[in-house]
Q: 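To start, I am sharing the structure in question, which I have written as structure tokens.
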Amino acid sequence: MVLSPRMPDLAVWQTLAAVEDTGSFNAAAQRLGVSQQAVSARMRSLEEQVGAALLVRSASGTRLTDTGVVVAEWAHRLLAVAEEIDAGLAGMAQQHQELRLAASLTIAEHLVPRWLVSFTGTAAAGPAPRVSFTATNSEHACALLRAGEVDLGFVEGPEVAAGVQSRVVAHDRLLLVVPPQHRWARRRSPVSPSELAATALVTREQGSGTRQILEHRLRRALPGGLDLPEPLLELSTTAAVISAVSAGAGPAVLSDLSVSADIGRRLVAVEVSELDLRRELRAVWLGERPAARPAQDFLDHLLTLPRR
């Protein structure tokens, strides 16, 4: 729809509403921060467009004619919508000054904090955006991204969802770990893929990137079929898995980022043969580029960093 030339701009509607509210051209001019001559010119222009008198000026002030009352009602309705749109645009602009992230727990705990420190310390980043950050599993990080609740996610799984763009931003590898008293802690030969697949583990919940990677690599190593036993324990955080393993619950497969500080202390790393447990850690987003500028800048910064 194309509006006709009769349609005044918002400044004219604001002026009419101000004259009605204040009862004088002078008071309306003060409210709007313009000259009284500007108010008079806008009202003359509006009356010419309407083709009728809208205002009657007298010694006691300015009042609306019957036609003026109708037009002023239109002005208030139009300005109410304009104010709603103005507030919405302001909210969107505010949102785009926020860096909204979601990351799988391994990345959230061991990489995102150092990335944020590096990012906010660069001159190219400009004023630091506000950061909202959700630590979750890889599956839920993608769900938050697709729901529009975050602008950039970080995942560990072997694949990303359809329609989601991704780039590798880091690497790690998975380690089989046991408590020092476990029988595997003293074995000299590596654990085979078939042994590992037949062993009940302490694991993260379904949707965890670490769990997805392990199952994916075991399927590749054992093409005849994979029938994993039920987990010994299924826990929602990596810290809980480490605590359970160190307490003697059983083996687990976790990121070297998560367990490196505990190897040789309360955990023992056990070699696994014929199983590639290296993995890529990915940034994920929707569209060709992340929609929000802070997310674009953050991703660009990460791609300049050395990958471990």
Q: In a check of side chain to side chain contact (heavy atoms under 4.5 Å, CB included) between Leu267 and each of Leu254, Val178, Val245, Leu175, which one passes?
A: Val245
Q: Any chance you could lay out the salt bridge (Lys or Arg N to Asp or Glu O under 4.0 Å) test for Arg211 and Glu234, step after step, and finish with the verdict?
A: CA-CA 10 Å; Arg211 183 166 173 173; Glu234 191 175 83; 2.7 Å; yes
Q: Do you know the tightest heavy-atom contact between Leu257 and Ser260?
A: O-OG, 4.0 Å
Q: For the pair Asp9 (side chain) and Val12 (backbone), establish whether a donor and an acceptor sit closer than 3.5 Å, ignoring hydrogens and angles.
A: yes
Q: Would you say the side chain of Pro251 lies within less than 4.5 Å of the side chain of Val270, judging by non-hydrogen atoms?
A: no
Q: Nearest heavy-atom pair of Leu275 and Ala221: which atoms, and what distance?
A: CD1-CB, 3.7 Å
Q: Compare every heavy atom of Ala108 with every heavy atom of Phe133, then report the nearest pair and how far apart it is.
A: CZ-CB, 3.4 Å
Q: Quick one: closest heavy-atom pair of Pro180 and Val268, and the distance?
A: CA-CG2, 3.9 Å
Q: Show me the side-chain donor-acceptor pairs of residues 41-56 shorter than 3.5 Å, one per line, residues at least two apart or across chains.
A:
from, atom 1, to, atom 2, distance (Å)
Arg42, NH1, Thr15, OG1, 2.9
Glu47, OE2, Leu54, N, 2.8
Glu47, OE2, Leu55, N, 3.3
Gln49, NE2, Pro5, O, 3.4
Gln49, NE2, Arg6, O, 3.0

Q: Can you give me the closest heavy-atom contact between Ala170 and Leu111, atom names plus distance?
A: CB-CD1, 4.0 Å
Q: Between Glu20 (side chain only) and Ala72 (backbone N and O only), is there a donor and an acceptor less than 3.5 Å apart?
A: no
Q: Could you tell me which non-hydrogen atom of Val284 sits nearest to which non-hydrogen atom of Phe154, and how far apart they are?
A: CG2-N, 4.2 Å
Q: Does any N or O in the side chain of Ser118 come within less than 3.5 Å of the main-chain N or O of Arg114, such that one atom is a donor and the other an acceptor?
A: no
Q: Would you check if Leu196 and Leu214 make a side-chain contact, meaning some heavy-atom pair closer than 4.5 Å?
A: yes
Q: With a 4.0 Å cut-off on N to O distance, would you call Arg282 and Glu280 a salt bridge?
A: yes
Q: Is a salt bridge present between Arg204 and Glu156, judged by a nitrogen-to-oxygen distance below 4.0 Å?
A: no
Q: Any side-chain heavy atom of Asn137 sitting closer than 4.5 Å to one from Gln212?
A: no
Q: For atom CZ of Arg278, is the number of surrounding heavy atoms from other residues, nucleotides or ligands below 6.0 Å larger than 12?
A: no
Q: Show the numbers, then the answer: is there a side-chain hydrogen bond (donor to acceptor under 3.5 Å, both in side chains) between Glu98 and Ser132?
A: CA-CA 7 Å; Glu98 184 176 9; Ser132 63; 3.1 Å; yes
Q: As a test of understanding, state which of Arg279, Arg173, His110 forms a side chain to side chain contact (heavy atoms under 4.5 Å, CB included) with Ser255.
A: Arg279
Q: Please determine whether a side-chain nitrogen of the Lys or Arg among Arg220 and Asp276 lies less than 4.0 Å from a carboxylate oxygen of the Asp or Glu.
A: no
Q: Once the angle between the rings of Phe119 and Phe298 is folded into 0 to 90°, is it parallel (under 30°), tilted (30 to 60°) or perpendicular (over 60°)?
A: perpendicular
Q: I'd like to know if the side chain of Arg187 reaches the main chain of Arg183, judged simply by a donor and an acceptor atom lying under 3.5 Å from each other, with no hydrogens or angles considered.
A: no
